[in-house]
Amino acid sequence: MNRKKVREILCSGETGAEVLVKGWVRTKRSSKNVSFIALNDGSVIHNLQVVVDVNDFDESLLRDINTGAALAVRGVLMPSSGSGQKVELVAREIELLGPADPEKFPIQPKKHSLEFLRENAHLRFRTNTFGAIFRIRHAMAFAIHDYFNRHGFYYLHTPIITASDAEGAGQMFRVTTLDALKPPLTPEGNVDFSSDFFGRPTNLTVSGQLEGELGATALGEIYTFGPTFRAENSNTTRHLAEFWMIEPEMAFYDLKDTMDLAEDFLKFLIRYALDHCADDLTFLAGRLREEEKGKPAEQQSMDLIEKLKFVAENDFERLTYSGAVEILKNSNHYKKKKFQFPVEWGVDLQSEHERYLVERHFKKPVILIDYPKEIKAFYMKQNDDGKTVAAMDVLFPQIGEIIGGSQREENFDKLVARMEEMHIPVDELWWYLDTRRFGTVPHSGFGLGFERFILFITGMGNIRDVIAFPRTPKNAEF
RNA sequence: UCCCUAGUAGCUCAGUCGGUUAGAGCGGCGGACUGUUAAUCCGUAGGUCGUAGGUUCAAGUCCUACCUGGGGAGCCA
């Protein structure tokens, strides 16, 4: 018999047919003659109610049907006489595919703390919350490819292992096959990387951007979507050592084109989630409401779905770094000395400043551009004022910087001069500079932190809860 | 890495000023129950109080160090 997914059954709502369903038990409720099993197969957040006449089944079988057990149930779909659901499955045959010892299975039909579930990350998919998160995560990954494909971008697979450590994006993970205890040494006593696998030191990538630019200056528009690694000792709700990043890179785009793309892209993704993940979003919105019940009214955030609609329907605020500094300096917050860190032109904005702009001043996403060149990367286009670069950060409420991007410096001489100023090894990046030597063009790109975006969409507060198996300092379990 | 904070039953937590035998709800188990919705009701088992030292007649409670979790900061996506 054809197996049906719970999603299919609940969507169609048809009754009368005999079907086969397979899934995991969420709860079982029993009385003298009848048992109700809430069965979930991951296809939707909702469970299928299986009705069991206890007189028709072996007592020991029924005893083994506990939370967590896997079942195959054959039965007839009937209109439900209970109020919680329209359709239910009246069981004729039940096969216990895999029991779950109720004394040992950690996931109970009750509210668990996110910390506890994090320690049981291998089983947390079996909860409503994480089922919803990972279905949404999938939908967003799919929508990203969909968006770029529709807009003529090519998906470029940039390398995970890189020999360049010159990107200036922080600490990297070394990739080596050398014996960590007894590495071969040079006559001077240093580690001899010439006998390593690649004949030179190599690391895990911190960004696919530089290679992305090589693709964009031939294919026109490309994007990367892959894992990214930072060996920073960051312990926050917004950082991972291994995360996924989307990096589009576009030939012939200036900064304005890039802002337009970033805004349209984010809004498309949000609308996609609203259109395709309604059940899961509704659940997460309710979860969030529940979580915030205890908080004072002014600390409560907007309803999740309202927030998503608001961002999808309103223009992002665009202003320069200099303009932002002005606003901050003129704010009452500043005058009352409520900022912990100083606000001064030339100094990078702190989290508190970004949050003030986004959450209190504009109350919507903000795109900041034209940052002082001293606080930005070497490859960013130098503006005519000689002081700023054509950089762009998209700031979201709660999350902060969700996108960082820029127009790239396409002028060979200016780029090399800046690299030398910043002590970036020019000869190691000969291949990157070749794009400026041969047929150089204005071009731009940005990076979107996938997990940070999923945080925003799901309303979750900790980045470790939107990736299946988080990698953070001192944590590589599973 | 820095600052703050927490660690007591499978889970979530209470445990007063240091004082006798360590408490609850949920979950588990046993039973009851005419269709339940995280069912309900009755009963029951379950603890090296994070680890190691120290103070004290006496430590879950106070002190020190370490480990682990959480929050914030920095760095950034």
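By convention in this document, chain letters (A, B, ...) are assigned in the order of the sequence lines, proteins followed by strands, and residues within each chain are numbered from 1.
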Look at the side-chain N and O atoms of [X] and state whether any lies under 4.0 Å from the OP1 or OP2 oxygen of [N].
X	N	answer
A:Arg238	B:C75	no
A:Ser31	B:G35	yes
A:Asn233	B:U1	yes
A:Ser113	B:C11	no
A:Arg29	B:A39	yes
A:Thr237	B:G72	yes
A:Arg464	B:G69	no
A:Ser234	B:C76	no
A:Asn462	B:G71	yes
A:Gln85	B:U37	no
A:Ser351	B:G74	yes

If you assign A:Glu401 and A:Glu103 each to the RNA chain B nucleotide with the nearest heavy atom, which residue ends up on the more 5' nucleotide? A:Glu103
Given that A:Lys32 and A:Pro106 both sit by RNA chain B, which one's nearest nucleotide is further toward the 5' end? A:Pro106
Between A:Arg355 and A:Glu352, does at least one N-O distance fall below 4.0 Å, as a salt bridge requires? no
Is A:Arg452 salt-bridged to A:Glu401, cutoff N-O under 4.0 Å? no
Of the nucleotides [options], which one has an atom closest to the side chain of [X]?
X	options	result
A:Lys110	B:G25, B:A77, B:G35	B:G25
A:Ser80	B:C76, B:U12, B:G35	B:G35
A:Glu115	B:G28, B:A73, B:G69	B:G69
A:Gln350	B:G35, B:G74, B:A39	B:G74
A:Asn66	B:C76, B:C29, B:U36	B:C29
A:Pro109	B:G27, B:C76, B:U12	B:G27
A:Ser81	B:G35, B:U12, B:C75	B:G35
A:Gln108	B:A39, B:C75, B:C11	B:C11
A:Ser83	B:C76, B:G28, B:U37	B:U37
A:Arg63	B:U36, B:G30, B:G27	B:G30

Would you mind classifying the nucleic acid contact of [X] as base, sugar-phosphate or nothing, using non-hydrogen atoms under 4.0 angstrom?
X	result
A:Gly82	base
A:Pro102	sugar-phosphate
A:Leu240	base
A:Glu247	nothing
A:Lys104	nothing
A:Ser30	base
A:His239	base
A:Ile246	nothing
A:Gln49	base
A:Thr236	base

What distance, rounded to whole Å, do you find between the two [atom1] atoms, one in [N] and one in [M]?
N	M	atom1	value
B:G46	B:A24	C1'	14 Å
B:C62	B:C17	P	10 Å
B:A22	B:C13	C1'	14 Å
B:C26	B:G19	P	29 Å
B:U61	B:U1	P	28 Å
B:G18	B:A59	C1'	6 Å
B:A52	B:A45	C1'	32 Å
B:G60	B:U20	P	10 Å

Please give the nucleotide sitting opposite [N] as a Watson-Crick or G-U wobble pair, both distances under 3.5 Å, or none.
N	result
B:A9	none
B:A38	none
B:U1	B:A73
B:U21	none
B:C62	B:G54

Name the residue from A:Thr282, A:Val6, A:Asn128 that meets the side chain to side chain contact (heavy atoms under 4.5 Å, CB included) definition with A:Ile45. A:Asn128
Compare the ring of A:Phe243 with the six-membered ring in the base of B:A77 and state whether they stack (centres under 5.5 Å, planes under 30°). yes
Whole-Å distance separating the CD atom of A:Glu232 from the P atom of B:C75: 10 Å
Validation row: A:Asp41, A:Lys22 side chains within 4.5 angstrom (heavy atoms): no
Report yes or no: is the cationic atom of A:Lys329 (NZ for Lys, CZ for Arg) closer than 6.0 Å to the six-membered ring centre of A:Phe339, at no more than 45° off its axis? no
Under 30°, 30 to 60°, or over 60°: which ring-plane class applies to A:Phe469 and A:Phe478, parallel, tilted or perpendicular? tilted
Please work out which of the three classes, parallel, tilted or perpendicular, describes the rings of A:Tyr147 and A:Phe268, given edges at 30° and 60°. tilted
Can you name the one residue among A:Glu247, A:His151, A:Glu249, A:His145 that meets side-chain hydrogen bond (donor to acceptor under 3.5 Å, both in side chains) with A:Tyr223? A:His145
If you take the centroid of each ring, where Trp contributes its six-membered ring, are A:Phe225 and A:Phe148 closer together than 6.0 Å? no
Gap separating the NE2 atom of A:His112 from the CD atom of A:Glu119, nearest 0.5 angstrom: 12.5 Å
